[in-house]
Amino acid sequence: MAVKKSELYSSLWASCDKLRGGMDASQYKDYILTILFVKYVSDRFKGVAYADIEVPEGGSFDDMVALIGNKNIGEEMDKVIAKLAEANGLRGVIDNAHFNDETKLGKGQEMVDKLSGLISIFRRPELNFSSNRANGDDIIGDAYEYLMRNFATESGKSKGQFYTPAEVSRILAKVIGIDRATRRDTSVYDPACGSGSLLIRAADEAPFEVAIYGQEKDIATAGLAKMNLVLHNKASGEIAGNYSTFSDPQFFEDDDEKTTLRRFDFVVANPPFSTKNWTDGLKEYGRFDGYGDRPPEKNGDFAWLLHILKSLKRNGKAAVILPHGVLFRGNAEATIRQSIVDKGYIKGIIGLPANLFYGTGIPACIIVIDKEGADERDGIFMIDASHDYIKDGNKNRLRERDIYKIVTTFRERIEEPKYSRFVPIEEIRDKNGYNLNISRYIDSSLPEDLQNIEAHLKGGIPAHDVDNMERYWSIFGDLKSVLFAPLREGFYQPIVKKDDVRHTIYSHAEFSQYADRIDDAFEKWQSRVNDKLCNIDANTKIKELIVELAEAILEEFENITLVDKYDVYQVLLAYWQDVMADDVFIVSQDGYTAARETENIIGVYTSGKKKGEVDCQQ
């Protein structure tokens, strides 16, 4: 029977418990992810000819299992991993965690018990990947992302920079337009790729397999990226580890002298903010020519941006995360910013909430670059999404509704008061001196809560407060006169007792009619998606299915005034993530009978159907 993600995640996190105490998350992640990698490739590729990964004799997870209880288990595990690494050119990539390290894993029997228990956890049924199909690869990839997020959370501010939150990665991947790529030789590049999650998200958006390139200075993190690619069925992607992008770039055009940096169709990046030593050993390769000045030595934000511009093809597109300071800082950065704006390279700027990232709490923005049509570009599309998030522990997190709204607003160039607008170049140049600070163009501040002194002294409700609810009175016109009556000029008085207000509203005919409209919208959505939910099988593309379900519910609630369609979208997507995705996967793998046993599936019952459930007679 297919395994639920929740069960898979539980087992993986249990493996982490085995290593807590001797090291922090920034260290034990290397051990857990290495064993996950060995287990996955062993299950998928052992004995398979022409597989992405060769699993040699003595280099599989089965060889690790044979070591349980062995007094030299740490040393022998290192040998198993070394054989797997050697057979696949992965030395220095998957063998960075040393399982014979007594300072981290304990001495003698403590090490034996700890590593034996760790191997035993990976023998659990839910960690058997041998029968994975295409959607199964999504599950292991998602499991890797789950671990990376938790490791980043536990690692703290100084060590969580290897991971870009998946929600932010999805936005970058969608706004660059890689889903519209038409050439089979399309390439995507990340010059500061970390664990590779951003690169993978971008590649997943493409309509076909694309060439993947990444560079990462930290060799251990580069190893995570390479493993991540394999776990996402992208083993052919190239990751250059242990090289600085500024002093030792690794990707060049086809010339023997290596004098010209390679150019790519798409670039995504979340580089370290405000790097102070970026000029150490610098080799320029013409990256800073033509912009009027060179980035300041003690701040590398614009150095990353100019490297990305140099690495783009003539019609290339990019999305990069940078701190808000790049939008308004002066001196050399102001000169460079003006030049970039004048060249028409910036297509859009998206302001994000503060405290999203693990390496820093400062607010950041996404700068969207598009060289295609730059000569004719007459403005920049700006979005202020800084207020849309949910608290998640000590960090902020974008919800599904926030992601969808940002992407849809940007791609369709929807202008919305206090959220988004297209800003003409003339306004940027003539009125603001090339200052791109979003608050100069979009006022997203909340209205001030005005206090009426007369109301406090003489009583009554200011007419301003009541009349400002016009969007409600346009629907519930009679209800206004049921709840309020004139008191004196400019003031109303309530005519329903406080305890009776709720009942008065709920029992009013206009409110009942409005409730019926909401029910009708939901039932129309149900009718639209019923066949899709009742015909799930092994060929169902699960990630495409939820997109279809979500798009349908947005359409049905589009014209329901007062109900924010994005809130409805969030309810569906939250349920999908918590329950429904697991159930759909079980149905696709094992059929509706197996899913019925979970008692959760989206209403897959033959009788006793409740409101909101789908009845599949199967």
Any pair counted as salt bridge (charged side-chain N to carboxylate O under 4.0 Å, His left out), so long as it reaches [range], sequence neighbours left out:
{"range": "residues 227-249", "result": "Asp204-Lys234"}
{"range": "residues 69-80", "result": "Glu75-Lys79, Glu76-Lys79"}
{"range": "residues 94-103", "result": "Arg91-Asp95, Asp101-Lys104"}

Set of side-chain hydrogen bond (donor to acceptor under 3.5 Å, both in side chains) partners for [X], sequence neighbours left out:
{"X": "Asp392", "answer": "Arg397"}
{"X": "Glu57", "answer": "none"}
{"X": "Asp185", "answer": "Arg183"}
{"X": "Asp63", "answer": "Ser60"}

>> Just checking Glu209: does its CD atom have more than 12 heavy atoms from other residues, nucleotides or ligands closer to it than 6.0 angstrom?
In response: no
> Of all heavy-atom pairs between Gly241 and Ala222, which one has the smallest distance, and what is that distance?
Replying inline: CA-CB, 3.5 Å
> If you look at every heavy atom in Ile178 and Val188, which pair is closest and at what distance?
Replying inline: CD1-CB, 4.2 Å
>> Whether Arg399 engages the ring of Tyr389 as a cation-pi pair (distance to the six-membered ring centre under 6.0 angstrom, angle to the ring normal within 45°) should be assessed.
In response: no
> Cation over ring, Lys39 on Phe61, under 6.0 Å and within 45°?
Replying inline: yes
> Will you find, in the side chains of Arg263 and Tyr189, an N or O donor that is under 3.5 Å from an N or O acceptor?
Replying inline: no
[X] side chain to [Y] main-chain N or O, any donor-acceptor pair under 3.5 Å?
{"X": "Ser244", "Y": "Phe246", "answer": "yes"}
{"X": "Tyr592", "Y": "Asn535", "answer": "yes"}
{"X": "Glu216", "Y": "Thr221", "answer": "no"}
{"X": "Tyr213", "Y": "Pro191", "answer": "no"}
{"X": "Asp30", "Y": "Ala97", "answer": "no"}
{"X": "Gln215", "Y": "Tyr243", "answer": "yes"}

> Stepwise, does the side chain to side chain donor-acceptor pair (under 3.5 Å) test hold for Asp265 with Ser187?
Replying inline: CA-CA 5 Å; Asp265 297 290; Ser187 57; 3.2 Å; yes
>> So, applying side chain to side chain contact (heavy atoms under 4.5 Å, CB included) with Ile212, which one of Asp190, Ile200, Leu229 is it?
In response: Leu229
> Does anything in residues 168-181 pair up under side chain to side chain donor-acceptor pair (under 3.5 Å), and if so which pairs, sequence neighbours excluded?
Replying inline: Arg170-Glu400, Lys174-Glu205, Asp179-Arg411
> Excluding sequence neighbours, so at least two apart, what forms ring pair (Phe, Tyr, Trp, His ring centres under 6.0 Å) with Tyr569?
Replying inline: Tyr404
> Excluding sequence neighbours, so at least two apart, what forms ring pair (Phe, Tyr, Trp, His ring centres under 6.0 Å) with Phe37?
Replying inline: none
> Taking atom CD1 of Ile406 and atom CG of Leu352, what is their separation to the nearest 0.5 Å?
Replying inline: 6.0 Å
> Which residues satisfy the salt bridge (charged side-chain N to carboxylate O under 4.0 Å, His left out) test with Lys83, sequence neighbours excluded?
Replying inline: none
>> For Glu54, give me all partners under salt bridge (charged side-chain N to carboxylate O under 4.0 Å, His left out), at least two apart in sequence or on another chain.
In response: none
>> Are the side chains of Ile53 and Leu84 in contact, using a 4.5 Å heavy-atom criterion?
In response: yes
